[in-house]
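Below you'll find the structure, written out as structure tokens, and then a few comments.
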Amino acid sequence: MTARASEGPATSANEIWTATLQELANKLRREQLQTWFLRVAPVSFDGQSFVLAVPSEFHRNWILESYNAAILNSLKGVLGYTVGLQLIIDPERAALSNISVPEQTVVIPAAPRNHAPAARELPPVVAPPQLSLNPNYTFENFVVGPCNRFAFAGAMGVAENPSKAYNPLFLHGSVGLGKTHLLQGICGELLKRRPKTRILYLSCETFTNHFIGALEKGALEEFRRRYRSTDVLVVDDIHFLANKERTQEEFFHTFNAVFQEDKQIVLSSDSPAQEIPTLQDRLISRFKWGLEAEIEKPCLETRLAILQRKARTMNVQISDEIARFLAERITHNIRELEGAINRVVGFAGLERESITLDLVHRAMPELLKEQTTVVRFDDLASIVAKKYHIKIQDLQSRRRHQSIAFPRQVAMYLSRKYTKHSLEEIGAYFGGRDHTTVMYSIDKLEGLLKENNQIRETVDALVDEIGRSFPRNN
Ligand code: ADP
Ligand code: MG
């Protein structure tokens, strides 16, 4: 990690971060800088990836969601090329940052370091943060597929008809699948349609912190007034209520007050309400009053569409082969999928090369390692047989009827991809054929996959199912 960082003062992480903060100061408001960048410390820079320490997971997510692009752009401005950004959670290190946030938001060429220690204040206790939305998290940028269609429709319904369509809207799904994106999409769309809408959008963690702060300061009245005088209340990651009895109690009253005023409530969670540990029954039942929609893991086709969309917004071209290479390996988390393409594009910029499969291998060597998912013949054959409504014994037979010969070719192709067996072994398993027959079958199928959409869709679905049934252990 430190190879180039130690080359000299001009490239040290500290120097770079100081200059980057100056750049950021031109783009962000002073409060934003104070709130989010004071307790952030540079850790290392290896020429490709810049590592920062931040105090908490919440801080990390907030920076990633709101300031990722600004930081990357500023780093690029400082370094002259695109690099990756990694945020590690290390409160101690973050607290020890000796780099102060620039005082003024004006351009100071070759800015001297500002030694005045800046006030290390927490964000204000009672007032929730100003609505700050990630400009990329819009409905237009959201790729809709079978995994999220229902949730997307719910979100659209709410944005079009707040308090009328579904109340509350409760979205759940595991991490990195687009919950925050949809929540912010709703806020953006609401504001587009009715700019005067009062929206309170915040994470459940912020709600909790405000509540505790208000309790300590004896400012509950003000807290309640603030939270209850809104047209739309959007609370992200409501599973954070787990094991927080007092905050649950307060949220219960907030929910009731807002709901009774006929105002819209939107919530997201990483699990269904009834699976949030210790969540009170009365909250569980309220969360189900409106529409509950799950966001599932995206299928291969959706992952491919997301990659291509992301590449377009980054103004780069990636071939189908490369999109597939990534999408077949990163199956569970869209944030990771985006991270992969960022990394590949950053790496290409750094190496001044075009994006080839070889470059992808070098940029993400761990993906190659993960390819060693090994599926057993029997498991693979059973998935293929089921898809084509035939028996495993048919696949293993010498029968040549098209209804069997074709699925057999598919099975051979997938065996080459997902088992460690040689062509000879594959041939032996599928009806005692020799390796040239296997090679011919695989070639033929690869040709068909290029030409025939329907076949490609079926094989994609199989690849997807294998990926889900036998996840790589990462
Ligand atoms: P969650 O809140 O569920 O953990 P996020 O909303 O933060 O997930 O999504 C993670 C990343 O993936 C974000 O950058 C988001 O824009 C992107 N993303 C998720 N789903 C989609 C989608 N359907 N289309 C495009 N981008 C998506
Ligand atoms: Mg989220």
Side-chain angles (χ1 to χ4, degrees), residues 56-72 84-87 89 129 132-156 159 169-189 201-208 234-242 266-272 275-276 292-314 318 323 326-327 330-346:
S56 66
E57 163 117 62
F58 174 65
H59 210 107
R60 177 171 178 269
N61 290 343
W62 194 281
I63 290 191
L64 283 177
E65 276 165 21
S66 308
Y67 302 112
N68 198 31
I71 300 175
L72 288 175
L85 178 66
Q86 201 193 335
L87 301 184
I89 298 167
S132 109
L133 300 176
N134 182 327
N136 298 321
Y137 290 1
T138 59
F139 283 168
E140 291 77 28
N141 285 345
F142 193 81
V143 175
V144 181
C147 54
N148 56 28
R149 183 162 286 133
F150 189 56
F152 182 74
M156 290 262 282
L169 173 66
F170 184 90
L171 300 180
H172 66 93
S174 67
V175 60
L177 296 185
K179 299 182 296 294
T180 298
H181 187 137
L182 273 185
L183 256 47
Q184 296 205 11
I186 294 174
C187 299
E189 191 65 27
Y201 163 85
L202 71 163
S203 73
C204 185
E205 187 174 349
T206 304
F207 179 87
T208 307
V234 184
V235 185
D236 205 353
D237 294 330
I238 198 78
H239 55 264
F240 195 77
L241 285 179
V266 182
L267 306 169
S268 84
S269 163
D270 69 0
S271 56
E275 287 173 23
I276 300 175
E292 192 184 15
E294 178 174 4
I295 306 185
E296 290 167 44
K297 299 215 163 68
C299 62
L300 181 64
E301 203 185 334
T302 308
R303 300 200 298 276
L304 285 169
I306 290 171
L307 275 179
Q308 293 292 10
R309 160 90 49 116
K310 178 86 185 162
R312 266 207 307 282
T313 59
M314 295 171 85
I318 54 168
L326 295 172
I330 305 171
T331 55
H332 293 299
N333 183 324
I334 296 174
R335 186 174 294 126
E336 279 175 19
L337 205 57
E338 290 189 339
I341 178 124
N342 281 335
R343 174 128 153 237
V344 166
V345 171

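What you are looking at is a predicted structure, and each value in this text was computed from that prediction instead of being measured. Just so you know, these numbers use all the heavy atoms, side chains as well, and skip hydrogens, waters and symmetry mates. Whatever order the structure lists ligands and atoms in, that order sets their numbers, starting from 1.
Using modelled atom types, one side-chain atom of Asn148 and one backbone atom of Val143 make a donor-acceptor pair closer than 3.5 Å. Not one N or O on the side chain of Arg343 forms a donor-acceptor pair closer than 3.5 Å with the backbone of Gly84. Side-chain atoms of Ser203 come within 3.5 Å of backbone atoms of Thr206 as a donor-acceptor pair (strictly under, hydrogens ignored). Here the side chain of His181 pairs a donor or acceptor atom with the backbone of Thr138 at under 3.5 angstrom.
In terms of protein heavy-atom proximity, atom 18 (N) of ligand 1 is closest to Ile334 CG2, 3.3 Å. Closest protein heavy atom to atom 4 (O) of ligand 1: Gly176 N, 2.7 Å. Closest to atom 14 (O) of ligand 1 among all protein heavy atoms lies Glu338 OE1, 2.5 Å. Among protein heavy atoms, the minimum distance from atom 6 (O) of ligand 1 is reached at His181 N, 2.8 Å.
Using a 4.5 Å heavy-atom cutoff, the side chains of Asn342 and Lys310 are in contact. Taking 4.5 Å as the limit, every side-chain heavy atom of Phe207 sits out of range of all side-chain heavy atoms of Ile238.
Annotation for Gln308: atom CD counts as buried by contact number, over 12 foreign heavy atoms lying within 6.0 Å.
Looking at Ser268, Ser269, Gly178, Cys147 and measuring to atom 19 (C) of ligand 1, the nearest heavy atom belongs to Gly178. Ranked by closest heavy atom to atom 10 (C) of ligand 1, the top entry among Arg149, His172, Arg335 is Arg335.
Checked against a 3.5 angstrom limit, the closest N/O atoms of Val144 and ligand 1 fall outside it. Not a single N or O atom of Ile306, backbone or side chain, sits closer than 3.5 Å to an N or O atom of ligand 1. Residue-to-ligand polar distances place Leu177 within reach of ligand 1: an N/O pair is separated by less than 3.5 Å. Remark: ligand 1 and Val143 share an N or O pair separated by less than 3.5 Å (distance only, no angle test).
To the nearest 0.5 Å, the span separating OH on Tyr67 from OG on Ser132 amounts to 5.0 Å. Taking CG from Leu337 and CG from Leu304, the interatomic distance works out to 8.5 Å, rounded to the nearest 0.5 Å. Considering CD of Glu338 and CG of Leu326, their distance stands at 12.5 Å, rounded to 0.5 Å.
Taking every non-hydrogen atom of Phe142 and a distance limit under 4.0 Å, the qualifying atoms of ligand 1 come out as 20 (N), 21 (C), 22 (C), 23 (N), 24 (N). For ligand 1, the atoms sitting less than 4.0 Å from at least one non-hydrogen atom of Asn148 are 23 (N), numbered in the order shown with element in parentheses. Of all atoms in ligand 1, numbered sequentially from 1 with element shown, those under 4.0 Å from a heavy atom of Val175 are 4 (O). Close approach of ligand 1 to Asn141 is summarised as follows: ligand atoms under 4.0 Å from at least one heavy atom of the residue are 24 (N), 25 (C).
For Asp237, the side chain to side chain contact (heavy atoms under 4.5 Å, CB included) test picks out Lys179, His239, Ser268, with sequence neighbours left out. When the salt bridge (Lys or Arg N to Asp or Glu O under 4.0 Å) test is applied to Glu189, the partners found at least two apart in sequence or on another chain are Lys192, Arg193. Partners of Phe152 according to the ring-ring contact (aromatic ring centres under 6.0 Å, His included) rule, which considers only residues two or more places apart in sequence or in another chain, are Phe139, Phe142.
Neighbouring protein atoms of the Mg ion (ligand 2) (N, O or S, distance under 2.8 Å, waters ignored): Thr180 OG1.
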